[in-house]
Each structure stands twice: as structure tokens, then as C-alpha cells.
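Worksheet: the structure to be examined is printed underneath.
Side chains included, hydrogens not; waters and symmetry mates left out as well; all remaining heavy atoms used. Numbers restart at 1 for each chain; the letters A, B, ... are given by sequence-line order, proteins then strands. Given the structure is predicted, the values throughout are model-derived calculations rather than measurements.
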Protein chains: 2
Amino acid sequence: MATEPGALPAYLQISELLIRDIAAGRLADGQRLPPEREMAAEHGVSVTTLRKALADLQNRNLLDRRQGSGNTIRASGEMEGVYAYFRLELRQGGGFPTAQVLEVTRAVKPDDLPDLGSDTGFAWRIRRVRALNRLPVSAEEIWLDGRFTDRLSAEELSQSLYLYYRERLGLAILRAEDHVEVDPVPNWVPEDLGLASGEPALMVARRTWAQTNEPIEFSRSWVNTSRARYVSRIS
Amino acid sequence: MATEPGALPAYLQISELLIRDIAAGRLADGQRLPPEREMAAEHGVSVTTLRKALADLQNRNLLDRRQGSGNTIRASGEMEGVYAYFRLELRQGGGFPTAQVLEVTRAVKPDDLPDLGSDTGFAWRIRRVRALNRLPVSAEEIWLDGRFTDRLSAEELSQSLYLYYRERLGLAILRAEDHVEVDPVPNWVPEDLGLASGEPALMVARRTWAQTNEPIEFSRSWVNTSRARYVSRIS
DNA sequence: AGGAATTTGTGCGTATGTATC
DNA sequence: AGATACATACGCACAAATTCC
């Protein structure tokens, strides 16, 4: 393992390497890792150091460590990971999330918007409809600070916005805070969502932060609660 | 450190000992711990082992470890622990939670209630008003399954219901799931909450589970969103 | 300002215990 | 019962951050 001056600690380099392997599918769910001594030799570190890397994966719920049995990848959390921040469910439970972008605009930041950590005053406004099993459940307006990119089009945005942030903009969302309230539906929501403009509806206001703890994004979602509900699991 | 056969590992013995010290107030918030080498000597273990105990405390958010600076107790998490499941905040943020019990009734379980893991068919219904900084913010109706206790009175219930569950009933809440919706306000809510019966309001439906993963409780809270909002932090 | 002292972070190698196969 | 593999624990050396003089 290279030990350049500015580099990350060896155990973090290894754990990040394994995380990328999982994300890329090179390490699949349920796959058994080689014994710790082997892996330590492969990476040219001591068993102690390698164990610290594996402990890190365990803390992230990506690895099942079992004495006498071995270390097993738990990549099930991966696809969930992309949607870990999505908190709407069909009323009968579950539903596969998709999104349709209605509009992408570069605009002056409104005054009532929370601070996004920039002084440019410009931001991207993304409006989209989120669906579960193809049933539209919410309309979402997202404000992404302007400092991250100079161009942004509806075509570029994949189904998972956070995936786009991570892969195209190098922004990993690490934290979010939702405020759930009741708020009038705006006038731009499409018909098929089943929400009447001006009527009170469940509204989720979200702020997100990146690795560096800088605020990135602010969004508001109006939810059709006859189709979906906001779910929060606590443990 | 004693190393009897059936005992916990040394590092866990030490971390549990420190946790008890924090809970009992012998280690106060902000207090600085002795250097690791000193503590290791005190407990008769190696620095490595002691560090593992401290890492455990850090994972529990009870300790702040800073290279070059030392280890500092963060007991703030203690009181928060009791209210960790409380997700309402004043609109300006924060607020100290209190509760006033309106009514405690033993009743037949309604049919539309989710399964509470019992076949007795009886349950306790608790109605109370929750306040933040003495301002009423929500009305709550709780159904506690009947199998846990034969008597329950308003006087017995402390401010924190979960504290009561833990100390009197031996029930530690380990998991909860909130469903947030919009729902008409019931007719029993008191005037000073500022919610009109029958009008739609933010409603939080919660199920809770105990250690054993058995369902315990179901509750619904109607929130005055002009005073408070439902907050969910994700990381 | 600057350098020494203090304190935690990282990493190694090894020995032994214990769960699983 | 034996082999395999992870868990615990020790002691040491050096790096990096902080504090103190």
C-alpha cells in the first residue's frame, strides 16, 4: 500500500477501494471475501490494518463479519443506497421510484430560499414529478446552487438525481434534513398528479449537505397523500 | 481487568463501565478524560484495548476524540436519548418537549388498528397533548397493547412515555416507523391546540417495536403546522 | 514565532481465544 | 476432532494534531 504524505490512511484507502468495488458490481451481494490474512497480503498491509478497513465497511452496513465463517458482502444496501433518501411509499407499501423532469431553468435565487452556501446568487431550478410504480405521487421543485455546474439539461438528469450529483458533479450527499408541513399546491403541477393548485397538501421541504458539510440543495415536494405517504424509520 | 471465562471482552467491560459513569453523572458533559496511556494503566489493559473501548463510545456518540487534544465526554446525548424519537420542532427550531395526559382508558381494540402482536383484543388508549416550550403543538392518541400491564393511570405516566415504558414496563423501544399524512382532526382535541375538528392537518402515524422485535404501540398525532413541523434528519 | 511536550492516530507483528465448518 | 477464520489482546514505533511555554 502506497504511503505518500498527503494520502488517506491505508485502512481508509482499502475500505474506499472495496466500496467502489461494491458500487461497480465487482463485488456482488452475498459474495464471500478471502480470509483476512490473504487480503492483507494482497494489499500489502498487516492484518490489523486490514481489519480496520473491514470494520469500516461493517459500520456502513456493507459487510457481514462472522467469526469462524468469514466476511460476506451485503450489497443489498447499494441500490437502496441510491434511494436511501427517498421517503415516499405507496399507501399499500413499497413501489419502485422513477422521475420525470418537467423543467430545468437557471434563475436568480429567490429571497425566501434558505442559504445554499454560495454568493453567486444564481441557482438551477429543477421541477419534476416523482412516481412509484409509474403512478405519479409528488411534484418536486429543486434548487441546486449555481456553483457546481454551468450547464444542466433535462436529458442529463438520470432517474436518480443523487446519482447524477455523485457521478457528474462529484457531489456525494451525506446528510439531509426534511421538514414536513402542510402547504398550498403550486400552480405548475401537472394534472395527472391529482392535486389541485392552491389546495393544502403534504409538503416536504428538504435541505441536503455534501461531504464537506456545505449546503448544496433545497427542495420542496408536494405529495398526493391519497396515493403515497411519507415514511421515516427510526432505530 | 478481570478475564473470567464467561465474561465480556475487556474492551466492552471498560466501555460499559464508562457508559454507566456517564449515565450516573460521574462523567459530566464536556469533561476531559485522562490520556489513553493513563486509562489503560488504570484498567490494567494495553493501550490498544483501551482505544477499542473508546472507539465504542465514539460510535455511540458519547465521546469526542481529537488527536493531540484528548477525549471529551459528550453526555448531551443522554437527555436527547430519551427524546430521540420525538420529531417535532418549533418552526423557529428546537423547543423543550413536555406532555399533558388528557385521558387513559382501557378499551377494546378498534378493528382498524394495526396488529399489536397480541390476541387479547384489549389495549390502553392514551390521549395527550404535546407541547414545545409550553406551547401546545400536537394532540396524540396512543394505543398500547394490553398485555404489558393491568393498570395504568395518568398520574403514573411521566413526561416521557418511552421512559415510563422502559422503567416501569421493562420495554425498551428500539425501532419506530412514522407514516406522515394529512388527516382530519378528531373531535377530542382541546381548544388551545389551535386545530379545528374535522379540518385536515398533518398527521403522524407511528408504530413502535421493542427489543424482541415485537410490535408494542400504535399512535397518531395531529400537528398544528403553524406552530411546529415534523423534522427528519438523514445521514 | 517557534519549538518542545503532550496526546491521539496509524500501522506492524504476534499470540491466543473462540466460533464455524 | 481437526482445520479454518475471525475476535481479542499485547507491546511497540512513528506520524500528526494540539497545546504550552
Side-chain angles (χ1 to χ4, degrees), chain A residues 1-19 21-22 27 30-75 211-213, chain B residues 1-19 21-22 27 29-75:
Chain A
M1 188 98 272
T3 44
E4 289 120 29
L8 281 177
Y11 78 93
L12 281 183
Q13 285 186 46
I14 295 175
S15 81
E16 299 229 337
L17 195 134
L18 291 171
I19 289 173
D21 281 346
I22 294 171
L27 289 176
Q31 188 168 342
R32 167 104 175 265
L33 291 183
E36 296 177 343
R37 281 176 175 75
E38 268 182 46
M39 294 186 69
E42 281 173 27
H43 294 95
V45 297
S46 73
V47 178
T48 317
T49 301
L50 183 104
R51 283 178 61 78
K52 217 173 166 186
L54 296 185
D56 184 48
L57 286 194
Q58 189 181 33
N59 284 339
R60 296 172 190 247
N61 261 318
L62 288 171
L63 188 65
D64 212 28
R65 313 192 61 187
R66 207 183 302 270
Q67 184 177 170
S69 172
N71 296 307
T72 313
I73 297 289
R74 291 207 334 198
Q211 306 99 323
T212 50
N213 211 32
Chain B
M1 191 98 267
T3 44
E4 289 119 31
L8 280 178
Y11 78 95
L12 280 182
Q13 286 187 46
I14 295 175
S15 80
E16 298 229 337
L17 195 136
L18 291 171
I19 289 172
D21 282 346
I22 294 171
L27 289 176
D29 184 54
Q31 188 168 342
R32 165 104 175 265
L33 292 183
E36 296 177 344
R37 281 173 175 77
E38 268 182 45
M39 294 185 70
E42 280 173 27
H43 294 95
V45 298
S46 74
V47 178
T48 316
T49 301
L50 183 105
R51 284 176 61 78
K52 213 172 168 190
L54 296 185
D56 185 49
L57 287 193
Q58 190 181 32
N59 284 339
R60 297 172 190 246
N61 261 316
L62 289 171
L63 188 65
D64 211 29
R65 312 191 62 186
R66 207 183 301 270
Q67 182 176 169
S69 172
N71 297 306
T72 314
I73 296 289
R74 292 204 338 195

request  = Return the minimal non-hydrogen interatomic distance between A/N71 and A/L54, and the atom names on each side.
outcome  = ND2-CD1, 3.4 Å
inquiry  = Test of understanding: with side chain to side chain contact (heavy atoms under 4.5 Å, CB included), list the residues that count as partners of A/P35, not counting sequence neighbours.
reply    = A/E38
ask   = Tell me: CD of A/Q67 to C1' of D/dT8, nearest whole Å?
value = 9 Å
message = Measuring to OP1 and OP2 of C/dG9, would you say a side-chain N or O of B/R65 lies under 4.0 angstrom away?
response = yes
message = Has A/R74 got a side-chain atom pairing as donor or acceptor with A/Q58's backbone, closer than 3.5 angstrom?
response = no
query = Under 4.0 angstrom, heavy atoms only, what part of the nucleic acid is B/T49 near: base, sugar-phosphate, or nothing?
reply = sugar-phosphate
message = Considering every strand and a 4.0 Å limit on heavy-atom distances, what is the contact class for B/S69: base, sugar-phosphate, or nothing?
response = sugar-phosphate
message = Between P on D/dA5 and CG on A/D64, what's the gap in Å once rounded to a whole number?
response = 17 Å
request  = Starting from the 5' end of DNA chain C, give me the residue, A/S46 or B/Q58, whose nearest nucleotide shows up first.
outcome  = B/Q58
message = List the residues meeting side chain to side chain contact (heavy atoms under 4.5 Å, CB included) with A/R51, not counting sequence neighbours, and say none if there are none.
response = A/E36, A/V47, A/R65
ask   = How long is the line joining CZ of B/R32 and P of C/dT6, in whole Å?
value = 12 Å
note = Given Watson-Crick and G-U pairs under 3.5 Å, DNA chain C in dot-bracket ([ ] crossing, | other strand) is .||||||||||||||||||||
task = Can you tell me the distance, in whole Å, between the NE2 atom of B/H43 and the P atom of D/dA9?
result = 13 Å
query = Base, sugar-phosphate, or nothing for B/R51, non-hydrogen atoms under 4.0 angstrom?
reply = base
key: Rounded interatomic separation in angstrom, taking CD1 from B/I14 and P from D/dT8   = 13 Å
query = Nearest-Å distance, CZ (A/R66) to P (D/dT8)?
reply = 15 Å
task = Could you tell me whether the phosphate oxygens of D/dA5, OP1 or OP2, come under 4.0 Å of any side-chain nitrogen or oxygen in A/N71?
result = no
ask   = Rounding to a whole Å, what distance do you find between B/L12:CG and C/dT18:C1'?
value = 15 Å
ask   = Among C/dT10, D/dT8, C/dT18, which nucleotide sits nearest the side chain of B/P9?
value = D/dT8
request  = Check every atom of C/dC21, C/dT10, C/dT18 against the side chain of A/K52 and return the nucleotide holding the closest atom.
outcome  = C/dT10
With B/S46 via side chain to side chain contact (heavy atoms under 4.5 Å, CB included) - residues at least two apart = B/T48, B/T49
task = Determine: side-chain N/O of A/Y11 to OP1/OP2 of C/dG11, distance under 4.0 Å, yes or no.
result = no
key: Considering all heavy atoms, the nearest A/A53-A/S15 contact   = O-CB, 3.7 Å
task = Identify, residue by residue, the members of residues 33-41 of chain B with a heavy atom below 4.0 Å from DNA chain C, and return them in order of residue number, or none.
result = B/P34, B/P35, B/E36, B/R37
inquiry  = Is the shortest side-chain heavy-atom distance between A/L63 and A/T72 below 4.5 Å?
reply    = no
message = The criterion is side chain to side chain contact (heavy atoms under 4.5 Å, CB included); which residues satisfy it with A/R60, sequence neighbours excluded?
response = A/I19, A/D56, A/L62
key: Whole-Å distance separating the CG atom of A/L54 from the C1' atom of D/dA5   = 12 Å
ask   = At their closest point, which heavy atom of A/G70 faces which heavy atom of A/R32, and how far apart are they?
value = CA-NE, 3.7 Å
ask   = So which heavy atom on A/L50 is nearest to which on A/M39, and how close?
value = CD1-CB, 3.6 Å
